[in-house]
Participant: 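Got a structure for you, questions after.
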There are 2 protein chains.
Amino acid sequence: MGTTTKALSLLGYFTRARPLIGLSDMARLSGLNKATVHRLMGELAQAGFVEQAGSGREYRIGPAVMRLAALREHAVPMRDVAAQVLRDLSDATEETAHFSLMQGQTLSTVAYAYSPVHGTRVTMEDAEVLMLHATSSGLAVLAYSPRDLVDAVLQAPLTARTPQTITDPAEIRALLTEIRAQGVAESVSGFEEDVHSHAAPIFDARGCAMGAVAVAAPTVRMDDALAAHIRASVKAQALRLTRMLGGFPPADYPKDSHDTVAGPAPATA
Amino acid sequence: MGTTTKALSLLGYFTRARPLIGLSDMARLSGLNKATVHRLMGELAQAGFVEQAGSGREYRIGPAVMRLAALREHAVPMRDVAAQVLRDLSDATEETAHFSLMQGQTLSTVAYAYSPVHGTRVTMEDAEVLMLHATSSGLAVLAYSPRDLVDAVLQAPLTARTPQTITDPAEIRALLTEIRAQGVAESVSGFEEDVHSHAAPIFDARGCAMGAVAVAAPTVRMDDALAAHIRASVKAQALRLTRMLGGFPPADYPKDSHDTVAGPAPATA
DNA sequence: AACCAATGGTTCACATAATGAACCGAACAA
DNA sequence: TTGTTCGGTTCATTATGTGAACCATTGGTT
């Protein structure tokens with residue numbers, strides 16, 4: 001393992017729950033020698049990536065990352081990043097993939113990608129507003145949203161877009177629990193007739209659901225095999241997009257044991 | 001120079017104007033061997049600090065910094081705190097207010113606020129790097145910086161951003177003495193043409209200057225009354241921000257006994 | 001087609017820079 | 001006192017990083 005990799009891996013041990021780490025703690029966490037950690041932290045500190053908190057001599061994330069984050073935000077608009085992931089997702093599933101973001105209390109479509117494989121496909125509109133209770137994307141977001149939002153949405157009148165739209169608040173709450181267990185939401189003809197969609201949430205840097213990635217297929221093409229494939233794909237790609245956008249899933253988000261989506265892994269040592 | 005320092009220094013070459021950098025360019029910019037840069041960028045990429053943009057094989061800042069920035073912001077909500085102070089300052093002066101922090105040996109913009117009053121205003125960019133000798137913020141910081149830093153900055157070649165930029169080290173040293181007497185630095189068209197700015201330093205918990213708050217106005221609007229108002233406001237708000245961030249001014253920082261610039265609008269409005 | 005000058009990327013002999021066991025002085029507790 | 005921690009330092013050993021020279025591609029010129 002390269003020296004730089006070691007140094008950068010140290011940054012991975014800072015979390016929301018553990019924003020301050022002392023020298024000895026860091027040595028323990030990383031499994032590296034205390035002297036090594038000291039030198040690496042010194043270099044990180046000199047570059048402004050960490051700094052020593054005033055009172056103790058513990059370290060915390062430094063100001064340099066703010067500058068880089070501002071650059072990243074400017075250089076990489078979310079749509080472009082999402083477009084890439086959606087293309088992969090629609091290729092993998094041979095169906096329509098789309099990405100939507102919460103804006104205020106509504107969910108609106110940001111980007112989508114079609115698969116060229118089938119002649120019939122689910123089509124999307126730019127900036128379409130998705131109802132939270134009637135779409136798989138909306139349910140995926142709701143399942144990982146704070147109670148306030150869920151209550152606000154479910155106490156408002158729930159309009160039925162189709163005869164299949166679920167409008168009973170109690171039924172939806174039960175659904176949300178199930179979604180949290182699965183990590184994937186599902187909707188059959190809830191928003192558009194004859195559309196069967198699966199969605200997984202996208203999380204921001206605080207671990208809050210900020211949107212969702214979904215795959216929508218005509219109901220006639222859906223069967224158990226395709227559904228299983230889509231569920232796995234959408235979940236994997238949603239995790240990938242979450243990471244690409246700099247967010248990370250909450251601790252209780254169900255992990256599939258098999259798929260290993262590359263991420264900023266901590267020390268393997 | 002340590003390997004880690006070299007790797008991290010590469011990140012410093014990304015700017016707003018240059019968000020994508022190729023391998024050869026990076027080697028040129030950093031003065032390092034291409035093979036070295038390749039390996040370092042590889043390690044940075046593996047950790048998510050850079051990534052290779054889809055089209056070319058050029059590098060850009062990666063998603064990992066977003067996570068760290070969120071952590072930093074959570075631990076040290078400087079940006080939020082500053083935003084509040086800047087809003088008050090721009091309201092009070094009816095001009096653009098901004099806050100910048102020293103990172104290593106450069107000063108970079110952290111936050112800013114515009115006043116809605118005038119149609120023309122000085123505009124800012126996120127994460128813009130301010131030259132220490134050519135901006136009021138830079139001079140304010142230098143005036144309260146240790147001798148080493150001042151010497152290092154003034155012995156390097158001082159580039160002139162505009163014809164009005166002061167590039168004579170002796171002249172700048174004289175200026176710094178004056179700034180220490182006033183507690184406020186001033187720059188007329190030193191960084192951008194037709195911009196007149198005033199700045200006051202922000203101190204950390206040890207009483208060292210760690211950044212500056214400034215108000216920038218179009219030169220055409222500047223007159224004695226506005227200048228006096230801005231000087232008082234920027235000084236008062238800088239002191240306030242210093243305190244809010246847990247720092248305090250050094251003993252020799254000039255205190256204005258009389259003006260209490262709590263009042264919002266200037267007389268001229 | 002042939003040529004040139006870029007690009008990103010790779011190799012390997014060499015030496016610089018990283019490593020870690022043992023050490024220090026300072027707090028704090030029993 | 002003794003025994004813990006803690007952050008930080010030293011220095012012989014060697015793993016790690018380095019860079020001149022090398023490919024393989026690409027895009028532009030002649």
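Side-chain atoms are counted along with the backbone in the values below, which use heavy atoms only and exclude waters and symmetry mates. Lettering follows sequence order; numbering is per chain, from 1.
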Participant: Take the angle between the ring planes of Tyr144(A) and Tyr253(A) and call it parallel below 30°, perpendicular above 60°, tilted in between.
Facilitator: tilted
Participant: Return whichever of Tyr59(A) or Thr4(A) has its heavy-atom-nearest nucleotide of DNA chain D closer to the 5' end.
Facilitator: Tyr59(A)
Participant: Output the rounded distance in Å from CZ (Arg57(B)) to C1' (dG27(D)).
Facilitator: 12 Å
Participant: So for atom CD, which belongs to Glu51(A), do other residues, nucleotides or ligands contribute more than 12 heavy atoms lying within a distance under 6.0 Å?
Facilitator: yes
Participant: What is the separation between atom CG on Leu10(B) and atom P on dG17(D), rounded to the nearest whole Å?
Facilitator: 14 Å
Participant: Using the closest heavy atom to pick a nucleotide of DNA chain C for each, name whichever of Ile21(B) or Ala35(B) lands nearer the 5' end.
Facilitator: Ile21(B)
Participant: Need two values: the first and the last nucleotide of DNA chain C, 5' to 3', having an atom under 4.0 Å from any heavy-atom of chain B.
Facilitator: dT7(C) to dA18(C)
Participant: Both Gly2(A) and Ser24(A) contact DNA chain D. Taking the nearest nucleotide for each, which residue is further toward the 5' end?
Facilitator: Ser24(A)
Participant: Expressed in angstrom and rounded to an integer, what is the separation of Lys6(A) atom NZ from dT16(D) atom C1'?
Facilitator: 8 Å
Participant: Please report the distance, rounded to the nearest Å, between CZ in Arg39(B) and C1' in dT16(D).
Facilitator: 8 Å
Participant: Grab the CG-P distance between Leu23(B) and dG19(D) for me, whole Å please.
Facilitator: 14 Å
Participant: So does Asp25(B) pair up with Lys34(B), basic N to acidic O under 4.0 Å?
Facilitator: no
Participant: Run Arg240(A) and Gln237(A) through side-chain hydrogen bond (donor to acceptor under 3.5 Å, both in side chains) and show every step you take.
Facilitator: CA-CA 5 Å; Arg240(A) 182 175 154 226; Gln237(A) 295 294 352; 2.7 Å; yes
Participant: Judged by modelled atom types alone, do Glu43(A) and Thr5(B) share a side-chain donor-acceptor pair under 3.5 Å?
Facilitator: yes
Participant: Sequence neighbours left out, what passes ring-ring contact (aromatic ring centres under 6.0 Å, His included) with Tyr59(B)? Give chain and number order.
Facilitator: none
Participant: In whole Å, what is the span from the CG atom of Asn33(A) to the P atom of dA15(D)?
Facilitator: 16 Å
Participant: To the nearest Å, give me how far apart NE2 (His38(B)) and P (dG17(D)) are.
Facilitator: 15 Å
Participant: I need the CD-C1' distance between Glu43(B) and dT18(D), as an integer number of Å.
Facilitator: 13 Å
Participant: Would you please confirm or rule out a distance under 4.0 Å between OP1 or OP2 of dG17(D) and any side-chain N or O of Thr3(A)?
Facilitator: yes
Participant: Using five base pairs at each end to define the local axes, how bent is the helix from dA1(C)-dT30(D) to dA30(C)-dT1(D), to the nearest 10°?
Facilitator: 30°
Participant: Taking atom CD of Gln46(A) as the centre, does the number of heavy atoms from other residues, nucleotides or ligands within less than 6.0 Å exceed 12?
Facilitator: no
Participant: So, are Glu95(A) and Arg121(A) salt-bridged, with charged N and O less than 4.0 Å apart?
Facilitator: no
Participant: For dC6(D), take OP1 and OP2 only and decide whether either is under 4.0 Å from a side-chain N or O of Lys34(A).
Facilitator: no
Participant: Got a donor-acceptor contact below 3.5 angstrom from the Arg57(A) side chain to the Gly22(A) backbone?
Facilitator: no
